[in-house]
Amino acid sequence: MTREHVDVLIVGAGISGIGAACRLQERCPSKTFAIVEARGAIGGTWDLFRFPGIRSDSDMFTLSYPFRPWRGSQAIADGSSIRDYVQETARAYGVEERIRFHHRVVNAEWSSPESRWNVELERSDTGETLEISCRFLFSCTGYYRYDEGYTPEFEGIEGFGGRVVHPQFWTDDIDYRGKRIVVIGSGATAVTLIPALAERAAHVTMLQRSPSYIISLPAVDPLARVVARILPTRLAYPLVRWKNVLLALALYGFSRRRPAEMRRLIRKLSERRLPPGYDFDTHFKPSYEPWDQRMCIVPDGDIFDAISAGRVSVVTDRIDRFTETGIALESGSTLEADMVVTATGLELLPFGGISLGVDGEEIDVGQAFTYRGMMLSGVPNMAYSFGYANQSWTLGSDLTAREICTILSHMDRYGHTRCMPRVPDPEVAPSQFIDLSSGYVRRAIDRFPKQGSRDPWRREQSYTQNRRAFRRQPIDDPALEFSRGRVPAPNAAPRPRRPAPPRSGRDDLSAVPSP
Ligand SMILES: Cc1cc2nc3c(=O)[nH]c(=O)nc-3n(C[C@H](O)[C@H](O)[C@H](O)COP(=O)(O)OP(=O)(O)OC[C@H]3O[C@@H](n4cnc5c(N)ncnc54)[C@H](O)[C@@H]3O)c2cc1C
């Protein structure tokens with residue numbers, strides 16, 4: 001077993017991991033670091049998903065990094081442009097050469113006597129096992145499984161004569177031209193995929209159990225178009241970025257405070273794009289309030305236009321079973337199909353399935369509290385990157401990366417070797433980590449850490465509020481325990497480790513697809 005040591009080990013080369021590496025290099029230049037990535041490419045989500053029409057559904061001025069402006073006025077970008085942007089950032093900032101591809105972290109064990117993490121990795125290309133130790137572990141592993149999407153059990157699916165595809169596993173060779181396609185689902189993926197499929201398919205049916213809120217935004221940012229002509233990028237970009245931060249927060253705040261008015265507004269914006277007399281209540285009126293679940297954003301109302309053009313129809317019903325030629329519905333009607341796309345969601349997974357331990361004790365992540373949405377109570381020298389559900393992910397992940405750099409610099413300044421959120425006192429009431437009622441959240445939320453009822457054991461869904469808190473709150477927060485310990489030489493023999501738990505099939509990421 002080979003072993004090396006770095007100051008910081010970043011796990012994941014998606015938008016968060018690359019951003020964290022750039023920040024580390026910028027703000028803590030003396031730190032040694034490596035990025036370990038299970039797949040063979042940079043980009044995470046934006047490299048994995050290849051279905052037709054894949055694009056951002058939050059604006060690129062806030063999904064891009066604040067230190068590397070998104071150029072142009074296109075607010076909604078396609079998946080490959082986002083992947084290119086992340087790859088080019090890694091290259092431009094010199095972090096690309098720090099990435100070890102095909103290195104999947106399976107186990108990480110904190111050793112207090114050694115003041116370090118002993119991290120066990122598997123090479124997904126050669127099967128080799130290796131170990132790296134680090135002073136600080138930074139998990140930038142996203143929030144869902146890569147090897148599996150969520151598909152409910154459908155009776156008779158194996159007897160269906162056409163093809164069934166989950167969008168997470170779409171490949172370029174899938175031919176859907178001239179086909180009758182049923183897309184099961186009404187979430188962000190379904191509404192993104194459907195207009196793109198409709199361009200070539202004979203017809204696309206969106207089959208949903210219940211509707212979601214769909215809001216149309218301009219694909220090209222009107223302010224960005226104007227300011228790009230009159231201002232240099234260094235001024236235009238922050239201006240548009242801040243406009244979008246504040247607009248997204250205002251819309252979210254308005255939805256939570258005045259849901260009835262927000263519902264009316266969404267209805268007005270959608271109905272005018274649909275054919276006269278369209279049954280809006282059945283197909284587009286959800287039973288929950290705006291932002292109880294993630295809102296679907298569509299550029300220039302493309303899905304409504306496809307419905308108006310007759311290329312897409314919406315059916316709100318429940319699946320009884322698959323037949324050889326399509327889907328039988330509980331209402332008694334049937335949908336004939338050549339192909340079915342199961343846009344039924346993701347399988348959430350915290351920390352890329354890494355098994356974590358502290359001094360021989362396995363950590364039950366579901367019992368830990370989140371410290372300001374970036375560290376875990378009782379777990380030393382470890383952070384994780386998690387973005388927002390109601391705004392662009394990167395706003396949250398970049399804030400976390402900057403805060404972690406501040407903590408690392410503080411530790412260096414005072415000679416601390418350990419930084420650990422304490423366990424909150426019992427009067428801190430637990431609440432759900434992700435404040436959404438969607439099925440994919442409910443199915444897995446007990447595997448994620450808890451939020452507390454008060455600061456610093458929670459992170460509000462507000463970039464401006466968190467940014468203010470990060471700037472004002474002292475680093476030596478009483479909830480954060482800093483301590484010094486003798487640091488043995490990095491290459492001292494490792495102490496015996498907690499044996500890695502047997503990996504169940506569900507957590508096994510060995511099928512992680514690579515390009
Ligand atoms: C279809 C889709 C569309 C989306 N659209 C938007 C949007 O428009 N706006 C928005 O803000 N958010 C969106 N999201 C959320 C999106 O996931 C985030 O925007 C962002 O890409 C997350 O980046 P990340 O780097 O944190 O995680 P990921 O993109 O998931 O990357 C994590 C990386 O970590 C690696 N990894 C995981 N586990 C391990 C391990 N154990 N060892 C080594 N490596 C590991 C993975 O291989 C991957 O490369 C979307 C998500 C999906 C699925």
Side-chain angles (χ1 to χ4, degrees), residues 9-21 34-51 53-60 62-64 75-79 82-83 85-86 99-108 119-124 132 137-147 149-150 167-168 170 187-193 217 248 294-299 343 345-356 384-398 400-401 440 463 503 507-510 512-515:
L9 187 69
I10 295 171
V11 189
I15 208 163
S16 303
I18 297 301
I35 307 171
V36 282
E37 166 54 56
R39 303 176 70 243
I42 294 175
T45 299
W46 303 107
D47 184 64
L48 176 76
F49 278 84
R50 303 286 178 132
F51 62 77
I54 170 78
R55 61 174 185 228
S56 65
D57 61 3
S58 65
D59 77 280
M60 286 310 300
T62 54
L63 189 60
S64 53
I76 304 287
D78 59 84
I82 304 173
R83 182 178 69 231
Y85 168 82
V86 179
I99 306 172
R100 320 280 165 80
F101 291 110
H102 299 292
H103 280 56
R104 177 160 44 89
V105 175
V106 290
N107 191 42
V119 179
E120 193 187 322
L121 302 101
E122 274 173 16
R123 286 203 60 150
S124 43
I132 300 181
L137 184 66
F138 197 169
S139 168
C140 297
T141 47
Y143 60 98
Y144 62 89
R145 288 177 65 144
Y146 270 57
D147 61 333
Y150 174 69
Q168 192 162 330
W170 192 284
T189 298
V191 303
T192 303
L193 183 63
L217 289 183
R294 207 164 186 267
M295 199 103 90
C296 299
I297 311 286
V298 295
L346 304 166
E347 280 265 14
L348 299 201
L349 179 73
F351 313 134
I354 304 170
S355 142
L356 295 167
Y384 62 89
S385 191
F386 211 88
Y388 296 112
N390 63 343
Q391 297 156 85
S392 279
W393 178 275
T394 323
L395 291 170
S397 65
D398 186 61
T400 299
Y440 72 98
Y463 171 66
R503 301 195 64 73
D507 277 353
D508 183 5
L509 301 182
S510 57
V512 170
S514 300

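When a ligand or atom number is given, it counts from 1 through the structure's own listing order.
- If you number the atoms of ligand 1 from 1 as listed, the ones under 4.0 Å from a heavy atom of Gly12 come out as 33 (C), 34 (O), 35 (C).
- Ligand 1 has no nitrogen or oxygen under 3.5 angstrom from a nitrogen or oxygen of Ser56.
- Neither the backbone nor the side chain of Pro167 comes within 4.0 Å of ligand 1, counting heavy atoms alone.
- Close approach to Ser16 involves these atoms of ligand 1, each under 4.0 Å from a residue heavy atom: 23 (O), 24 (P), 25 (O), 26 (O).
- Heavy atoms of His103 come nearer than 4.0 angstrom to ligand 1 in at least one pair.
- Using modelled atom types, one finds no donor on one side chain facing an acceptor on the other under 3.5 Å when comparing Thr394 with Ser392.
- At least one heavy atom of Ser392 sits less than 4.0 Å from an atom of ligand 1.
- Classification of the Tyr463-Tyr388 ring pair by plane angle, with boundaries at 30° and 60°, yields perpendicular.
- If you look at Asp57 next to ligand 1, the close heavy atoms, those under 4.0 Å, come from the backbone and the side chain alike.
- One option in Glu122, Arg294, Glu37 has a heavy atom closer to atom 46 (C) of ligand 1 than any other, and that option is Glu37.
- Only backbone heavy atoms of Val36 (N, CA, C or O) come within less than 4.0 Å of ligand 1; its side chain stays farther off.
- Counting only non-hydrogen atoms, the option in Trp46, Phe386, Tyr146, Phe49 that gets closest to atom 28 (P) of ligand 1 is Tyr146.
- Near Ile354, the atoms of ligand 1 lying under 4.0 angstrom from a non-hydrogen atom of the residue are 41 (N).
- Which parts of ligand 1 touch Ser58 is read off a 4.0 Å heavy-atom cut-off, strictly below it: atoms 7 (C), 8 (O), 9 (N), 10 (C), 11 (O).
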